[in-house]
2 protein chains.
Amino acid sequence: MQALENNVEKPIREKMEQYILSLQERIVKEIESIDNKKFYIDRWERAQGGYGISCILQDGNVFEKAGVNISVVSGDLPKPAIQQMKSHHKELDPSKGPLPFFALGISIVIHPHNPHAPTIHMNYRYFEIENKDGSPLSWWFGGGSDLTPSYLYEDDAIHFHKTLKDACDKHDPNYYPDFKKWCDEYFYLKHRSEARGVGGIFFDDLDNKPPEKILAFVKQCGDSFLPSYVPLVKRRMNATFTAEEKRWQQLRRGRYVEFNLVWDRGTKFGLQTPGARIESIFMSLPLTARWEYMHIPEKNSREDKLMQVLKHPKNWV
Amino acid sequence: MQALENNVEKPIREKMEQYILSLQERIVKEIESIDNKKFYIDRWERAQGGYGISCILQDGNVFEKAGVNISVVSGDLPKPAIQQMKSHHKELDPSKGPLPFFALGISIVIHPHNPHAPTIHMNYRYFEIENKDGSPLSWWFGGGSDLTPSYLYEDDAIHFHKTLKDACDKHDPNYYPDFKKWCDEYFYLKHRSEARGVGGIFFDDLDNKPPEKILAFVKQCGDSFLPSYVPLVKRRMNATFTAEEKRWQQLRRGRYVEFNLVWDRGTKFGLQTPGARIESIFMSLPLTARWEYMHIPEKNSREDKLMQVLKHPKNWV
């Protein structure tokens with residue numbers, strides 16, 4: 001971990017807060033302009049400290065459900081939570097807890113109606129722990145973005161990965177290869193032996209450069225969200241589709257629910273946190289989902305072609 | 001634990017197997033006669049030992065999804081699994097593992113189309129562990145049945161509980177009160193602070209009477225399944241309903257998925273078991289489900305009345 005205070009006028013967490021607020025606004029505006037329906041904007045306060053803004057668009061013209069959420073929370077981190085974080089942050093000493101913490105982030109999940117348009121997820125977050133006297137102790141960034149199509153369009157997967165790779169490469173040549181691999185490993189349904197989607201990037205506990213540098217990288221990633229996704233939605237949102245294709249999409253939505261409820265660490269952590277805001281955590285769930293017994297796509301069908309890629313994640317760029 | 005071999009001609013596990021096979025057949029026939037559509041019957045073998053029969057009816061005339069599953073499996077129980085079971089079965093010694101085990105049970109989940117007809121779940125199972133020389137070491141029964149309506153009909157809840165209580169009372173006056181409470185505690189969504197439904201009975205690790213006696217009790221419970229449920233379905237399956245009522249049912253289905261994927265120990269155990277048959281585990285999931293942001297029923301609406309009972313489980317008999 002590098003020191004926090006290398007000639008920074010404002011604390012990093014304030015800069016991150018400012019950034020996610022402006023990014024949320026930009027993304028909400030752009031999604032609204034595509035959908036022609038307004039988000040419902042829900043600002044909430046957290047009793048123990050902090051606030052959030054949940055923007056939600058349900059049953060729109062283009063999007064089945066879109067959630068663009070930010071939260072900026074603070075409080076005291078109990079000893080067991082410090083213990084959990086210690087494996088990645090040696091400077092933490094659980095016996096000194098509870099310790100003041102700040103956690104802020106932006107989370108987005110967008111599920112379009114059209115089965116040919118992919119679902120996207122993005123999350124960037126910053127975490128900071130202080131000593132009891134208020135001096136900085138530990139901080140890190142985490143996040144990523146990944147794409148979950150119901151039908152595979154190789155061009156879409158390539159465009160998505162290329163946009164993320166370009167953002168990564170401006171900051172570190174290892175970021176994209178490392179974080180692409182991490183993403184494939186993280187968004188994986190072990191009980192199905194299949195990936196959630198065609199991947200993207202994922203990282204956590206990132207603190208090996210000065211915080212200003214990592215913040216610049218995270219901003220680059222956040223800025224690449226709209227360019228990575230909007231062209232794909234525009235390309236697919238008006239495609240004609242059959243009832244069978246819609247049904248397949250609904251089955252894939254079921255898999256999305258399975259991942260989020262069974263495997264996603266963020267969701268699990270949230271559900272076990274007393275006083276967590278369940279509705280904001282579950283914004284990521286699709287509006288509708290479906291489970292059928294033993295639905296196996298026909299060999300070499302378009303559905304089967306998606307499954308092949310989910311069973312054997314590939315390199316897109 | 002009582003001895004297994006008190007003047008029993010056939011081993012208990014064979015009697016239980018015979019019983020669940022015949023119960024499955026009876027229930028499948030009755031549900032088919034109500035729905036006027038046939039179950040899809042899927043017999044499978046388990047590579048490590050044993051078999052199962054999954055009967056599934058999807059998108060029927062009355063039922064959205066009905067799964068009636070039995071499994072009869074055996075193999076070697078590894079040390080960590082024995083360790084987990086030791087807390088309830090002192091005679092188990094993990095250091096002696098792996099040990100031969102037998103596990104058999106019947107599992108049912110039925111989701112009707114009509115939002116006024118309730119979902120039902122039932123499961124009865126028998127578990128046995130042997131010493132390496134084949135002599136009996138440990139055995140127990142577990143199971144229960146619970147009802148999950150989208151709209152509360154007090155008469156239905158009373159009928160359901162009364163049928164289960166009558167079955168329990170024939171065997172032990174403590175069974176119903178104890179197992180009713182256990183059910184309320186088990187089928188509970190901690191992250192929502194609400195029960196899954198109006199409860200029923202639930203028990204596990206039952207071995208405090210001779211196995212023949214507990215088997216007789218389990219049979220009584222299994223036999224009470226159709227009388228506890230069929231009258232309710234017949235009463236509600238043709239009720240008229242609005243699009244809003246269907247939507248509410250779909251939201252409640254979402255809660256059902258949340259419970260099964262986040263909290264249900266059986267599901268969690270299954271998902272973490274290498275080689276587990278995922279499709280049989282997920283038979284319990286509804287065909288369709290829905291999640292909306294911050295859907296809160298209007299005060300004193302019928303939807304709100306259900307919520308009041310889920311927030312504060314009550315005694316029905």
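Convention: sequence-line order gives letters A, B, ...; per-chain numbering from 1.
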S.K.: Please look at I56(A) and chain B and tell me whether the side chain, the backbone, both or neither of the residue comes under 4.5 angstrom of a heavy atom of that chain.
M.R.: side chain
S.K.: Can you establish whether the number of heavy atoms outside K311(A) located under 6.0 Å from its atom NZ is more than 12?
M.R.: yes
S.K.: Using non-hydrogen atoms and a 4.5 Å limit, figure out which bit of R192(A) sits close to chain B: side chain, backbone, both or neither.
M.R.: side chain
S.K.: Tell me, for Q250(A) versus chain B, whether the close heavy atoms (under 4.5 Å) come from the side chain, the backbone, both or neither.
M.R.: neither
S.K.: Which of the residues R253(A), H191(A), K268(A) is involved in the greatest number of heavy-atom pairs with chain B at under 4.5 angstrom?
M.R.: H191(A)
S.K.: At a heavy-atom separation under 4.5 Å, does D59(A) approach chain B through its side chain, its backbone, both, or neither?
M.R.: side chain
S.K.: Report the C-alpha distance between T288(B) and T288(A) in whole Å, list the side-chain angles of each, state the deciding distance to 0.1 Å, and finish with yes or no for side-chain contact (heavy atoms from CB on, under 4.5 Å).
M.R.: CA-CA 7 Å; T288(B) 57; T288(A) 57; over 6 Å; no
S.K.: Between E292(A) and chain B, with a heavy-atom cut-off of 4.5 Å, which part of the residue counts as in contact: side chain, backbone, both or neither?
M.R.: both
S.K.: Based on non-hydrogen pairs under 4.5 Å, which of I281(A), V262(A), L261(A) is most in contact with chain B?
M.R.: L261(A)
S.K.: Go through the steps for D42(A) and M294(B) under the test side-chain contact (heavy atoms from CB on, under 4.5 Å), then give the verdict.
M.R.: CA-CA 10 Å; D42(A) 199 7; M294(B) 291 290 258; 3.9 Å; yes
S.K.: More than 12 heavy atoms of other residues, nucleotides or ligands under 6.0 Å from CD of Q308(A): is that the case?
M.R.: yes
S.K.: Using modelled atom types only, decide if a donor and an acceptor are shared between the side chain of K190(A) and the backbone of L271(B) within a distance under 3.5 Å.
M.R.: no
S.K.: Please classify the contact between F282(A) and chain B as side chain, backbone, both or neither, with a heavy-atom cut-off of under 4.5 Å.
M.R.: side chain
S.K.: Identify the heavy atoms of Y293(B) and Q58(A) that sit nearest to each other, and give their distance.
M.R.: N-OE1, 2.5 Å
S.K.: More than 12 non-hydrogen atoms from neighbouring residues, nucleotides or ligands closer than 6.0 Å to CD on E298(B), yes or no?
M.R.: no
S.K.: Does atom CD of E25(B) have more than 12 heavy-atom neighbours, drawn from other residues, nucleotides or ligands, at distances under 6.0 Å?
M.R.: no
S.K.: So what's closer than 4.5 Å to chain B heavy atoms on R247(A): side chain, backbone, both or neither?
M.R.: neither
S.K.: Please report the shortest heavy-atom distance between W291(B) and K65(A), naming the atom on each side.
M.R.: O-NZ, 3.0 Å
S.K.: Which atoms of I278(A) are under 4.5 Å from chain B, going by heavy atoms: the side chain, the backbone, both sets, or neither?
M.R.: side chain
S.K.: Surrounding NZ of K38(A) (heavy atoms of other residues, nucleotides or ligands, distance under 6.0 Å), is the total greater than 12?
M.R.: no
